[in-house]
Amino acid sequence: MLVISYDISDTKLRTRFSKMLKLNGAIRLQYSVYEVNNTNRVLENILIKIDHFSKKFDGGDSVIVFDVSGVKLKKYGNAIHRDVDLLFF
């Protein structure tokens, strides 16, 4: 599983980056933080796409990718409900 956090100043580039993550199975955790839990091939493809985007970054732009496979996470607040299926009638 990857957790991807980004800070991109250009609105168009930031929007395209966010859409790229969503199209590749990423789930938004917070405004600029996504979780991707998929096969190694999909994760590698996302990293390649991030590398492609990084060539367009300004000096202050950044992306941080955390590989948290096998690491236990502690969640607080609304995040605790992400792992529980909710059923509404």
To check you understand the geometry: which heavy-atom pair defines the closest contact between Ile50 and Val65, and what is its length?
CD1-CG2, 4.0 Å
One pair to check against side-chain contact (heavy atoms from CB on, under 4.5 Å): Asp51 and Ile48. What are the steps and the verdict?
CA-CA 5 Å; Asp51 185 56; Ile48 291 168; 5.6 Å; no
Between Ser18 (side chain only) and Thr15 (backbone N and O only), is there a donor and an acceptor less than 3.5 Å apart?
no
Which residues share a ring pair (Phe, Tyr, Trp, His ring centres under 6.0 Å) with Tyr6, sequence neighbours left out:
Phe17
Please give me the minimum heavy-atom distance between Ser9 and Asp58, naming the atom from each residue.
OG-OD2, 3.9 Å
Side-chain heavy atoms under 4.5 angstrom apart, residues restricted to Ile, Leu, Val, Met, Phe, Trp, Tyr: same cluster for Val33 and Leu2?
no
Are Leu47 and Phe53 linked, directly or through intermediate hydrophobic residues, by side-chain heavy-atom contacts shorter than 4.5 Å (ILVMFWY only)?
yes
Regarding Asp7 and Ser62, do their side chains bring together a donor and an acceptor under 3.5 Å, going by distance alone?
no
Side chains of Tyr34 and Ser5: donor-acceptor distance under 3.5 Å anywhere?
no
To the nearest 0.5 Å, tell me how far Ile27 CD1 sits from Leu21 CG.
12.0 Å
Going by atom types only, do Arg14 and Ser32 share a side-chain donor-acceptor pair under 3.5 Å?
no
So, taking the atom named NZ in Lys56 and the one named CZ in Arg16, what distance separates them when rounded to the nearest 0.5 Å?
4.5 Å
Would a single hydrophobic cluster contain both Leu29 and Ile4, if residues Ile, Leu, Val, Met, Phe, Trp and Tyr are joined by side-chain heavy-atom contacts under 4.5 Å?
no
I need the Asn24 CG to Ile46 CD1 distance, nearest 0.5 Å.
4.5 Å
Give the cluster check for Val68 versus Ile64: same hydrophobic cluster or not, with ILVMFWY residues linked at side-chain heavy-atom distances below 4.5 Å.
yes
When rounded to the nearest 0.5 angstrom, what is the spacing between CZ in Phe57 and CG in Asp10?
10.5 Å
